[in-house]
Each structure stands twice: as C-alpha cells, then as structure tokens.
Amino acid sequence: MKDLVSIIVPVYNAEKYISDTIISAQEQTYLNIEILIIDDGSTDKTKSIVNVLAKSDSRIKYIYQSNKGPAETKNLGIEQFNGEYAIFLDSDDLLEKNAVETLLLIAETQSADLIIFSFDKFNDLYENMGSRNSSSKKINKMFTAVWNKMYHKSILKQLKFPEKTIFEDVAFSAMAALLSKKMATVHSEHHLYHYRQREQSLTKKKFDVTRQLDIVTDFEEMFCFIRNNGIELSSEQISEIDKLINTQVFSHALQVAETNETNFKKKVVIKKLVDFQKKRVNNIWSYDDNLFINSKQILLMLLLKNNFLSVAVSLAKVSNFVRGRKKLRG
C-alpha cells in the first residue's frame, strides 16, 4: 500500500480538543498521509496549537479562511486535498491508530471507492457512551455523517456540500453513495472512529425552528445533483431515498415539536416539512425495514401532521425510555 491518504479536519475554535485530534491522526500506523487542517476563522488558540504540531510534522498542512460555515470549510478541504483517498475527522473526535491502514487495505483488496465503517462514542471524561454499527451499504442505513466513510478521489472531487445550511452531511452522504461504483463495509467490534459526545445545553428556547427547513434545501440540492449528472436510480435506491427522507422529515418535525417556540410557528414549519415529503417521496409510509419501528414512526408522524404535538413528543419520550431500558437489560 503506497497511496497517499488525506485526513481532512474542519475546525473552528477547537483549542480544547484539536491537539488530541491531530495527534490521533499523526499516530496512524499507515504513514503516507496528509493532515489537512481547514480553519474556518478561529478566534481562539487553535492556530497556534496547530502551528506547533506542524513544525515537527510536515504532513500537517494548515489553511485559514474567514468564517463562512461548516459546509464551506469542508468544501475547501475537498478542493485542497491531494490524496488518492480521503476521510473527514471532526476537530473534537479521534481516530483509532490503525484506521487508515485498515480502510486502505479494504479499499485495495475489494476495489472499493467508498468504505463505510462503525464508530463508538465517548464523553470528555473518556467514558464509553456506546457504539453504532453503521456498516451498511443502504443509503438510509449508512449513517448520515461524512466522517464514518473513506472516499476515493473519483467520488469526492465531484461533490460539494450544500452551503449555508446546518444539515449538510445528509445529502452529501447520499450523493456519495449514488456515485459509488463499489461500496465496502467494515464489520468489526474494534471501531475505527471515536465520536465525542459533548455536553449540550438543556434549553432549546433560543433555537430557531425554521433552521430545521435546511434539510429540505439539502435534499433539493441532492435531487438537482441526480438530475444534472444523469443518474438513473434503481428501484432499490428509490426505496432507500424514500426511507431516508421520511426518517429525516420525521426527526426534524419531532425536534420542532420539542422546542419552546409558539405552537403556531411550530405548525408552520412542520407543514412545510410535510409538504416537501409529499412532493418528493414515492411512498410516505415507508420509514424502516423493521415493522415495529416503521409503525411507530408512522403513528408519531400522523400525530405531528395533525398538530397533536405534545402527544407525539410524550410518546416519543416513552418509546426512547423503553428502548433504553431494554438495552440496559441486554
């Protein structure tokens, strides 16, 4: 294995974590890598921390831009990377030491241009917070983050993240899958990526519910991409995209219902999400291959559509609680 592999690290004000993140890239068992730090206008000590590490490792390349947003930052990374393959690494997460070596070996032995892998989760105390087996070739099952995948340059150089949105990874992952000529997955309990669960605010009072409509913008860009590139979707791909959109519309509608915004504003946003679903989805009743999960999401979505918001939120909380108890019991 001789191919250069790029590790793209988008960063903004990450002084607390960026050193550990870069070191996890530096310590890869596969040495022929470039570590591309794309700084989206950090105002803290991020730049100085990166520069110190770069002085002793020529594989680290630092690029600064004025603050534009996460999508624009990752798009600059796509423009600038030089590897045959590339992976994304969030600025507070960590790579397993053999991640690149493992992924590249699979790419070469299976002639794959998109490799999907699982991850585990941890908190700031480095306590294990569970894991997720996201090793699926199905568009609706592969997990929508961009960092649990390795991309061949033939895919990545054709793609751009939808800009000025906050859910840019969802459509991007789907577009990558549609471009792939051969996908491969990593089935392993030894997860290659460690996803940090940072403490979140307990209140959602200041959350702008209209930003949930960004998911519509992202999906519309995906459909433009499909049309402009003359991609002929198989019946299986159409079904997977239906499930992805249905699940995302449900998730975002539920998040709207959970906020402290006025009911009027919540209903307006949810209606727009539902209108998009009706416009773009062939089967609005298809959420998941699992009959129980599918039925549950249909019921909750019907409640949301018909403005029974508090009932839907309460039932969702009960369902999540029961699921959590089952996991604890093993």
- request: Using the test ring pair (Phe, Tyr, Trp, His ring centres under 6.0 Å), find all partners of H252 that sit at least two apart in sequence or belong to another chain.
  value: F167

field: Ring centroid separation F81 to Y151 under 6.0 Å
entry: no

- request: Check whether any side-chain heavy atom of E101 sits under 4.5 Å from a side-chain heavy atom of Q28, and report yes or no.
  value: no

field: Any F88 side-chain heavy atom under 4.5 Å of I78 side chain
entry: yes

Heavy-atom pair with the smallest gap, counting every atom of Q212 and L273: O-CD2, 4.0 Å

query: Are any of the side-chain heavy atoms of V52 and S48 separated by less than 4.5 Å?
result: no

message: Would L309 and N263 count as a side chain to side chain contact (heavy atoms under 4.5 Å, CB included) here? Give the steps.
response: CA-CA 8 Å; L309 306 187; N263 277 339; 4.1 Å; yes

task: Determine, stepwise, if the pair E236 / K138 fulfils salt bridge (Lys or Arg N to Asp or Glu O under 4.0 Å).
output: CA-CA 9 Å; E236 185 177 1; K138 291 186 176 183; 5.7 Å; no

- request: Would you please classify the geometry between the Y62 ring and the Y64 ring as parallel, tilted or perpendicular, with 30° and 60° separating the classes?
  value: tilted

query: Taking the side chain from E96 and the backbone from H194, do they hold a donor-acceptor pair closer than 3.5 Å?
result: no

task: Using atom types as modelled and distance alone, determine if a side-chain donor or acceptor of N82 lies under 3.5 Å from a backbone N or O of S6.
output: no

query: Should we count NZ of K181 as having more than 12 external heavy atoms under 6.0 Å?
result: no

- prompt: For E240 and N140, does a side-chain donor sit closer than 3.5 Å to a side-chain acceptor?
  reply: no

- prompt: Using 30° and 60° as the class limits, which term best fits the ring planes of Y195 and W147: parallel, tilted or perpendicular?
  reply: tilted

query: Considering all heavy atoms of both residues, which atom of N246 and which atom of S286 are nearest to each other, and what is their separation?
result: ND2-O, 2.6 Å

message: Within the 4.5 Å heavy-atom criterion, are V209 and K265 side-chain neighbours or not?
response: yes

message: For F219, does the six-membered ring have the charged nitrogen or CZ of R280 within the cation-pi criterion, i.e. under 6.0 angstrom from the centroid and within 45° of the normal?
response: no

- request: Test R198 against D92 for salt bridge (Lys or Arg N to Asp or Glu O under 4.0 Å), laying out the working first.
  value: CA-CA 9 Å; R198 293 167 65 176; D92 53 355; 3.2 Å; yes

field: Flag for D93-Y193: side-chain donor and acceptor within less than 3.5 Å
entry: yes

message: Does K157 have more than 12 heavy atoms from other residues, nucleotides or ligands lying within 6.0 Å of its NZ?
response: yes

task: Just do the side chain to side chain contact (heavy atoms under 4.5 Å, CB included) check on K61 and I37 with the steps written out, would you?
output: CA-CA 6 Å; K61 300 177 182 178; I37 314 298; over 6 Å; no

task: Assess whether side chain to side chain contact (heavy atoms under 4.5 Å, CB included) is satisfied between V11 and I38, documenting all intermediate values.
output: CA-CA 6 Å; V11 59; I38 312 295; 5.9 Å; no

- prompt: Quick one: do the T217 and E221 side chains pair a donor with an acceptor below 3.5 Å?
  reply: no

- prompt: If only atom types and distance count, is the side chain of Q158 paired as donor or acceptor with the main-chain N or O of I155 below 3.5 Å?
  reply: no

- request: Take R211 and D208 through the test salt bridge (Lys or Arg N to Asp or Glu O under 4.0 Å) and record every step on the way to the result.
  value: CA-CA 6 Å; R211 293 309 304 268; D208 181 3; 5.7 Å; no

field: Candidate pair K296 and D288, rule salt bridge (Lys or Arg N to Asp or Glu O under 4.0 Å), full reasoning
entry: CA-CA 10 Å; K296 181 187 73 172; D288 197 278; over 6 Å; no

field: Residue F264 excluded, over 12 heavy atoms near CZ under 6.0 Å
entry: no

R196 bridged to D124 by N-O distance under 4.0 Å: yes

Under-4.0 Å salt bridge between E220 and K279: yes

Side-chain heavy atoms of L179 within contact of D113, under 4.5 Å: no

message: Test your reading of the model: is there a side-chain donor-acceptor pair from T109 to the backbone of L105, 3.5 Å cut-off?
response: yes

- request: Return yes if some donor-acceptor pair links the side-chain N/O of T247 with the main-chain N/O of L244 below 3.5 Å, else return no.
  value: no

field: Residues K141, D289: salt bridge by 4.0 Å N-O rule
entry: no

statement: Heavy-atom closest pair (S173 atom, M142 atom, distance to 0.1 Å) is O-SD, 4.1 Å

statement: In terms of heavy-atom contacts, P10 and K74 come closest through CG-CG, 3.5 Å

field: For E15 against K45, the heavy-atom pair lying closest together
entry: OE1-N, 3.1 Å

message: Side chains of T259 and K266, heavy atoms from C-beta outward: is any pair under 4.5 Å?
response: yes

Heavy-atom check, side chain of T73 versus side chain of F161, under 4.5 Å: no

query: Got a donor-acceptor contact below 3.5 angstrom from the D39 side chain to the I63 backbone?
result: no

Heavy-atom closest contact (P162 atom, A71 atom, distance): O-CB, 3.2 Å

field: 4.5 Å side-chain heavy-atom contact, I7 and E34
entry: no

- request: Taking the six-membered ring for Trp and the single ring otherwise, decide whether the centroids of F119 and H191 are under 6.0 Å apart.
  value: no

